[in-house]
Amino acid sequence: MASSKRKRSDEVVSKPNILFEQPAAATGRLGGVYIPPFKLAQMQKNIEKMDKNSKEFQRMAWEALRKSINGLINKVNAGNVKDIVVELFQINLVRGRGLFARAVMKAQLSSPGFTPVFAAVVAVVNTKLPENGELILKRVIVAFRRAFKRRDKIVATALIKFIAHLVNQQVAHELLALQLLTVLLEEPTDDSVEIAVDFTKEIGQLLQEISPKGLHAIFERFRGILQEGLIDKRIQYTIEGLFVIRKGGFADFPAVPKELDLVEREDQITFEIGLDDELTKEEVLDVFRFDETYEENEAMWAAIKNEILGEDNTEDESEPDPEDDDDENEEDEGNEGGDKNKVIIHDMTEQDLVNLRRTVYLTIMSSVGFEECCHKLMKLDIQQGYESELCNMLIECCSQEKSYLSYYGLIAQRFCLLHRRWQEAFEDAFRTNYSTIHRLETTKLRNVAKLFSHLFYTDALPWTCLEVIRLNEDETTSSSRIFIKILCQELSENMGINTLRERFNDQYMNDFFSGMFPNDNPRNTRFAINFFTSIGLGGLTDELRIHLKNAPKKIMAAAALAEKSSSSGSSESSSSGSSSSSRSNSYSSSSSSSSSSSSSGSDSTSSDSSSDSSSESSSSSTSSSSSESSSSSPSSSSSESSSSSSQSDTKRKRSTRR
């Protein structure tokens, strides 16, 4: 009993501390164990107290190294590759070269589209740490062998693309590329030929410069496969497309893009590793191992890092020099107005604009519904003046679809109803897209027309935008007519032909629709009538038909009115001249009659007064009659006045006799 109690006490004493010691059986394949969050927090609090040569400290440092490498590799792209490389050199890539190789290969397999970027990162690291580049190349070749034997087409295509860009970056020799093509085309199958075609597209431009004879031999083999005709028709078409690409000098498939050309050819280290060489993946480097000389190795890495990044020189330059302090103070005192001489640096690379477009695109394509998408886009808080970027990206995404999706129309409708600035942005987008509609293919054109028709029949956009459309033979193209056709047909389908006719016949909107329904020229009117009739919307042209039918009558009436106005003007001018002459003649006759009456009235006063009154009345009547007759003919007025004067004389004589 006593011995058993002692054994139990010994077991209790020898029980390991779960915060710092982990049993060997609990370690996984990568040498790590799961540590609960609360225990990890306690370990991080006590990390300063730990000995750097202890296993627990090294394990935590290993986990931190793995996470930092994975994080940097996952966020690398063509825009930030230079900054990411500098950050990679800040961490211990000698100790973590297995982790680095594993992270790069895993990221490349998950996103083959970024293969040129990953190859550029490997090329830069390879110039300073060749062991890392060699390890990655070995693992890629071994992985391709395994995928090729297993007939895993997806993995083999991704890995061979990685090999192609490593050859383009001169990390691997071009003989490896020729050897791969020879193996793929030795016993051609549909999959092997398709992989070879993809590989040749990526590597063709480099082989054309370095090894034109080898590339010629490969294309002769492709030509032989075409002549044999043993492969599928689709693969034959891909080979024919490869010949076309070769004829164009592989312009669409550059070996190294300009933004990824980071290493000089002289500085690059090339490995001549063959496809049949015995290679080891060195998977031991992926597993945590306790290092007894941990501090010494870390000091060695610090020296290597300083040599790579040149931190010694920068630190020496950054240290303050007491002798130079006085000179700097004097310069500061002498340059009191130095703030005025500050240079403002403007970023002309438009990196913010590129990031905004990328964010908008990813938000649109990743959202489940239009409400979620609008909510996320509003959270971006797009600045004033950048509304057109969202509109153009939305229209571009809509045009790229195989068929129109109402998802894009609902997003555009929601933004138009949110604020006036978005509505104005979509109005400008409509005008711009209509003026450049000839650049779009038929499918893209149809999607864009349906998007804008959705905005019109929901009244999200004002119909005044249609004033840019001038429907005539001279101002339209085949593309613009197709656009107008799809736009009007969609409006008719969603609104109804009667409602659409009422909208177009609105008197207050005639000025804006005069381009679509022209009545200025019969030729344009007939063109518009024929166009709408041919697309099945002849009911919209009733008023145009009435206008065209009444156009000749209106033209004749206008011509007659013009002739009448011209003739009336000439008659008025002639009548005014005749009336003035008659008035002068009547005045002269009246004066002569008055003088004769005064000479004959010397015999009696009473008779003179009566005769004067009668003469005045007669003269007034004669003058009025003469004035009326003068308007008809000026020649007869003088004779009538003379006759009236003679009659008055006879009357006076009779009165005197009585």
Side-chain angles (χ1 to χ4, degrees), residues 72-73 75-89 100-101 103-105 107-109 111-130 132-141 144 157-181 195-216 218-219 242 244-273 308 349 351 354:
L72 292 173
I73 294 299
K75 70 179 182 180
V76 68
N77 55 50
N80 62 2
V81 61
K82 296 180 181 179
D83 300 329
I84 294 297
V85 168
V86 175
E87 293 182 19
L88 280 173
F89 283 125
F100 175 70
V104 169
M105 290 184 64
Q108 191 272 333
L109 285 174
S111 56
F114 286 87
T115 301
V117 180
F118 296 128
V121 172
V122 174
V124 175
V125 174
N126 185 61
T127 57
K128 305 300 181 182
L129 302 171
N132 294 56
E134 184 180 10
L135 179 63
I136 291 175
L137 182 59
K138 287 180 179 179
R139 291 190 177 185
V140 172
I141 294 173
F144 173 75
T157 304
L159 290 172
I160 205 167
K161 187 175 183 180
F162 199 7
I163 294 174
H165 284 283
L166 289 176
V167 174
N168 289 336
Q169 292 284 356
Q170 295 293 301
V171 177
H173 201 271
E174 62 271 10
L175 291 177
L176 177 62
L178 296 174
Q179 191 176 6
L180 274 170
L181 288 171
I195 293 172
V197 169
D198 294 337
F199 183 67
T200 307
K201 289 178 183 178
E202 304 292 341
I203 203 69
Q205 193 175 56
L206 181 70
L207 292 179
Q208 198 171 16
E209 297 176 0
I210 298 177
S211 180
K213 292 183 179 180
L215 185 64
H216 177 72
I218 296 299
F219 273 92
L242 180 62
V244 175
I245 293 172
R246 182 196 182 190
K247 188 176 181 180
F250 298 94
D252 296 333
F253 298 91
V256 180
K258 292 182 180 180
E259 63 271 14
L260 299 178
D261 192 6
L262 306 176
V263 180
E264 297 291 338
R265 299 299 181 189
E266 300 174 354
D267 299 337
Q268 189 56 268
I269 300 173
T270 305
F271 300 101
E272 296 181 1
I273 300 176
I308 293 172
T349 59
Q351 186 64 36
V354 174

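Computed from heavy atoms alone, side chains included, the values below leave out hydrogens, waters and symmetry copies.
Using a 4.5 Å heavy-atom cutoff, the side chains of I73 and L88 are in contact. Counting heavy atoms from C-beta outward, I245 and D252 have side chains that stay 4.5 Å or more apart. Counting only heavy atoms from C-beta outward, the side chains of I84 and K75 approach each other to under 4.5 Å. Counting heavy atoms from C-beta on, the side chains of H216 and R246 come closer than 4.5 Å. Side-chain contact between I141 and L159 is absent, with no heavy-atom pair separated by less than 4.5 Å. Looking at V167 and E202, their side chains never come closer than 4.5 Å, going by heavy atoms from C-beta outward. Taking 4.5 Å as the limit, every side-chain heavy atom of L176 sits out of range of all side-chain heavy atoms of F271.
Here N80 contributes atom CG and E87 contributes atom CD; the two are 8.5 Å apart, rounded to the nearest 0.5 Å. Atom CG of L135 sits about 12.0 Å away from atom CG of L129, to the nearest 0.5 Å. Here I210 contributes atom CD1 and E174 contributes atom CD; the two are 4.5 Å apart, rounded to the nearest 0.5 Å. Atom CD of E134 and atom CG of L137 lie 8.0 Å apart (nearest 0.5 Å). In this structure, the separation between CZ on F118 and CG on N77 is 9.5 Å, given to the nearest 0.5 Å.
Summarising the geometry of F250 relative to T200, their closest heavy-atom pair is CE2-O, 3.8 Å, with the distance given to 0.1 Å. The shortest heavy-atom contact between A164 and F199 is CB-CE1, 3.5 Å. The minimum heavy-atom distance between D267 and T127, with the atom names listed, is O-CG2, 3.8 Å. Residue A101 comes nearest to R139 through the heavy atom pair CB-NH1, 3.9 Å, listed as atom of the first residue, atom of the second, then distance. Closest heavy-atom contact between F114 and V76: CD2-O, 4.5 Å. When all heavy atoms of H173 and T270 are compared, the closest pair comes out as N-CG2, 3.7 Å.
With Q170 as the partner, the side-chain contact (heavy atoms from CB on, under 4.5 Å) test is satisfied by one option alone out of L206, I269, V256: L206.
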- request: Could you walk me through whether K82 and E259 pass side chain to side chain contact (heavy atoms under 4.5 Å, CB included), step by step?
  value: CA-CA 10 Å; K82 296 180 181 179; E259 63 271 14; over 6 Å; no
Residue pair V104, V121: steps toward the side chain to side chain contact (heavy atoms under 4.5 Å, CB included) verdict: CA-CA 9 Å; V104 169; V121 172; 5.5 Å; no
query: Between F162 and I136, does a side chain to side chain contact (heavy atoms under 4.5 Å, CB included) hold up when you go through it step by step?
result: CA-CA 10 Å; F162 199 7; I136 291 175; 4.2 Å; yes
task: Walk me through it: do N168 and I203 pass the test side chain to side chain contact (heavy atoms under 4.5 Å, CB included)?
output: CA-CA 7 Å; N168 289 336; I203 203 69; 3.2 Å; yes
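The number of heavy-atom neighbours closer than 6.0 Å to CZ of F253, taken from other residues, nucleotides and ligands shown, is above 12.
Although no hydrogens or angles enter the test, the distance criterion places no donor-acceptor pair under 3.5 Å between the side chain of S211 and the main chain of L207. Under the 3.5 Å distance criterion, the side-chain polar atoms of Q205 are matched with a main-chain donor or acceptor of A255. Under the 3.5 Å distance criterion, the side-chain polar atoms of D198 are left unmatched by any main-chain donor or acceptor of I160.
With sequence neighbours excluded, the residues forming a side-chain hydrogen bond (donor to acceptor under 3.5 Å, both in side chains) with T115 are Q108, listed by chain and number. Remark: F144 engages F148 in a ring-ring contact (aromatic ring centres under 6.0 Å, His included) (not counting sequence neighbours). Every residue was checked against the side-chain hydrogen bond (donor to acceptor under 3.5 Å, both in side chains) condition with Q169, not counting sequence neighbours, and none meets it.
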